[in-house]
Each structure stands twice: as C-alpha cells, then as structure tokens.
Amino acid sequence: MSHDATADTAASPAQLNLPPDSVGLVTPQTFVFDEPLELSCGRTLDHYQLMVETYGTLNADASNAILICHALSGHHHVAGYHSLEDRKPGWWDSAVGPGKPIDTNKFFVVGLNNLGGCHGSSGPTSINPTTGQPFGPDFPIVTVKDWVTAQARLADRLGIQRWAVVIGGSLGGMQALQWSIDYPERLANAMVIASAPKLSAQNIAFNEVARQAISKDPEFHQGRYADHHSYPKVGLMLARMVGHITYLSDEAMREKFGRELKRGKLSFEFDVDFQVESYLHYQGEQFSTAFDANAYLLMTKALDYFDPASEYDDDLAVALSRAQCRFMLMSFTTDWRFSPERSREIVNALVVAGKDVSYAEIDAPQGHDAFLLPIPRYMELMQTYLDRVASDLNIIPAVQGGQP
C-alpha cells in the first residue's frame with residue numbers, strides 16, 4: 001500500500017483545474033487490524049478497521065510524519081478532493097498542501113477517521129461479526145485514550161516510530177495531549193489548538209442536550225433505527241443546531257446575520273423569520289444526512305470523558321510531566337466553547353512540569369470555529385512553528401508542487 005496519497009494522481013493539480021497549492025485528488029485507504037484492542041470501558045474489539053488519508057511522501061528515516069487528529073464531527077478527509085465533482089475540499093484544506101503551513105513538500109501528513117466514527121472506520125454503522133448486522137447502539141463506548149492507542153498501531157503499520165508533530169483542534173487537541181502522556185517517546189512536537197484539559201460542566205451540559213435531542217426522537221428506537229428503516233433526523237438536526245451555536249461567537253453571528261429577516265418582514269407565525277434561524281436549519285439539515293446518530297452520541301461521550309489528570313490525582317502538571325515533546329498551544333479570543341483560559345490551564349501545567357511550551361492567543365472574531373479557518377495570523381504562527389520543526393529535524397523539501 002502506497003505511503004504517497006498523490007502517487008495515483010497522474011495529472012498535477014494545475015492540469016486538473018485545481019488550485020496549485022492543493023494536494024490534488026486523493027484516495028482513502030482502509031487499514032484492517034486483527035490484534036484485539038482492549039478499550040477503557042472494559043470491552044474488547046477483536047477486529048477493527050481505520051479509514052486513513054495521507055498526503056506527501058514519507059522520507060527514508062520516517063522522521064517527517066505529522067498526524068492530524070479530527071474534532072467532534074471530523075474524519076479522515078483533511079485536504080484535497082476525492083473527485084473533480086467535489087464541491088468542497090477536505091475540512092482543513094486551507095492549512096494542508098504544498099507551500100501551506102502543513103507543507104506536504106516537507107511533511108508526510110496522516111489523517112484518519114477515529115473508531116466510533118461513521119466515515120469508514122469501525123463504528124456503529126459497521127457490521128457486527130457476531131450478528132451480521134450493523135453494531136448500532138451495541139458498539140462500545142470509546143475514549144480519547146482508546147483512539148490514541150489505535151493511532152499508535154496505525155503508526156506502527158505505516159513504519160512511523162516517532163511523529164514529527166501530532167496536531168489537532170478542539171477534540172483533536174485533546175488527542176495530541178493524550179499522545180504526549182501515553183507515548184512520550186513517540187512524538188517530537190504536540191500542537192494543541194482551541195482545546196481544553198477537560199470539559200467544563202457547561203460543555204458537558206451542551207453535549208447532554210444534544211444527546212437528549214437525538215435519543216428522544218421517536219425515530220431513534222433505542223439506537224436501533226436501522227432495524228426500523230428509520231432515522232432520528234429531527235433529533236440529529238437539533239443536536240447540530242445546539243452545537244453550532246456554541247461554535248460561533250456572538251460577534252460572528254452578529255456580523256454574519258444581525259437581525260436580518262429571511263423574507264424582509266415578520267410572519268407573525270411560528271415560522272422561520274430571521275436569517276440566523278434559516279442558517280441553523282440549513283446546517284442541521286446538511287449534518288443530518290452526513291453523520292450517524294449513534295456515532296454522534298459516542299463522539300460526545302469521548303469529549304465528556306476526557307480528563308487525563310484524573311489518573312494522576314487530578315494534577316495536570318503531574319500528568320504532563322511524562323511528556324518529552326515540545327508544545328505549541330493556540331487559542332482564539334472569542335472562543336467561548338473552549339476559551340483561552342482553558343488553553344492557559346494547559347500552558348501553566350506545562351510550565352510547572354518544566355516543559356518547552358509556546359503559546360499564542362489569537363485575536364479573531366469567529367469563535368471556536370476559528371481553528372478551521374485561514375485566519376492570517378493563525379496561519380503565520382502555524383507555519384513559523386512548523387518551519388522550525390522541519391529545520392530542527394533536518395527535513396529536506398521535496399520538489400515544489402508536492403510530487404515526489
């Protein structure tokens with residue numbers, strides 16, 4: 001199996017009418033694991049698979065690999081296009097590609113769909129070998145710690161003993177932190193963006209509202225909606241609408257929508273009057289067709305359960321004292337889902353633990369979603385840090401354009 005996701009692309013991005021700094025057309029890869037995986041919940045997955053996408057070329061000593069960990073509703077398709085008919089590229093295409101901050105001329109970049117997801121890795125929509133039917137609600141609860149264990153096995157399969165960087169935003173940043181604790185010798189740098197050392201009570205509350213919206217939908221059927229040829233669409237729409245409100249700042253919503261009316265006048269009915277209402281309905285509708293309800297429940301539980309300090313007498317500095325890597329943390333001023341104060345908690349714990357840490361608080365009006373956007377200051381900081389990583393590891397750029 002090729003380590004170069006662009007190798008199957010005969011034409012360059014320019015020849016395909018794609019942006020010249022795109023990784024081009026990419027093909028996901030399925031990795032099957034037969035070694036049982038013991039999970040934090042006490043159950044075991046005897047067999048499982050991970051859906052993976054890679055960009056760039058792994059160098060001879062496998063020192064230039066970057067792992068990108070996705071957030072709540074993310075997946076393996078980080079950059080590029082699956083076909084020329086795609087309306088949008090991967091979810092972090094603005095940051096990944098030749099000449100971009102995560103430069104595929106320098107780095108071999110790996111993105112995956114975590115266990116419990118619904119985009120090709122083993123999860124509720126996968127077939128349970130015991131029953132021959134989809135797992136549905138029978139798929140076990142998975143944690144960030146479980147994901148990191150599975151990611152380490154993926155690294156073994158790829159021949160990567162040590163990541164140059166493990167990077168992620170939000171829930172992805174939590175995975176980067178867990179990597180530094182569980183496999184300290186296997187990463188050189190951890191980049192933790194718009195994240196937190198554990199969820200606040202308020203964040204757990206938002207997740208519970210989302211789960212209740214799904215589970216109370218009449219079409220949920222205790223998670224066995226597939227058996228009833230139904231789907232809890234309304235519940236999943238409501239869950240996404242609640243989540244989306246928390247991803248945007250008040251300033252971003254005001255600038256984007258204000259109090260603009262959808263039809264120019266009030267209806268004086270219980271209908272959609274304001275543009276922001278219409279936007280939330282649209283986001284919920286789109287999400288309900290793209291994400292599995294049981295997978296959403298699992299992902300929110302993984303968020304709730306993340307608390308690495310709990311294994312070290314609730315002392316985050318002690319937990320992070322195991323780390324051997326350098327850290328780069330970034331937060332955004334208007335992010336109230338994972339506010340800058342939460343990133344500073346991690347920074348302070350790292351300072352107490354005597355670790356090498358850099359921190360930037362970026363002035364951005366977009367709220368939590370800022371970590372997904374090409375904000376110039378954010379991109380500049382990321383590029384500067386990763387240029388230093390490449391220099392320190394003596395990573396020699398490939399030929400410009402991303403081709404080996």
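FYI, the numbering just counts along the sequence from 1. In what follows, every heavy atom counts, from backbone to side chain, and hydrogens, waters and symmetry copies are set aside.
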Is any side-chain N of the basic residue among Glu285 and Arg240 closer than 4.0 Å to the acidic one's carboxylate O? no
Under-4.0 Å salt bridge between Arg337 and Asp369: no
Leu297 CG to Asn207 CG distance, which is reported to the nearest 0.5 Å: 10.5 Å
Between Arg224 and Asp138 (salt bridge meaning N to carboxylate O under 4.0 Å), is one present in this structure? yes
Report yes if some heavy atom in the side chain of Phe31 is under 4.5 Å from a heavy atom in the side chain of Gln29; otherwise report no. yes
Close side-chain approach of Tyr231 and Leu236, heavy atoms under 4.5 Å: yes
Specify whether His82 and His76 have parallel, tilted or perpendicular ring planes, treating 30° as the upper limit for parallel and 60° as the lower limit for perpendicular. parallel
Where does the angle between the aromatic ring planes of Phe33 and Tyr48 fall among parallel (under 30°), tilted (30 to 60°) and perpendicular (over 60°)? parallel
Do the side chains of Glu38 and Arg43 get nearer than 4.5 Å, heavy atoms only? no
Would you mind checking if Arg211 and Asp304 are paired as a salt bridge, meaning a charged N to carboxylate O distance below 4.0 Å? yes
Please state whether the rings of His228 and His221 are parallel, tilted or perpendicular, taking 30° and 60° as the class boundaries. parallel
Are any of the side-chain heavy atoms of Asn203 and Phe338 separated by less than 4.5 Å? yes
Do Asp313 and Val318 have side-chain heavy atoms sitting under 4.5 Å apart? no
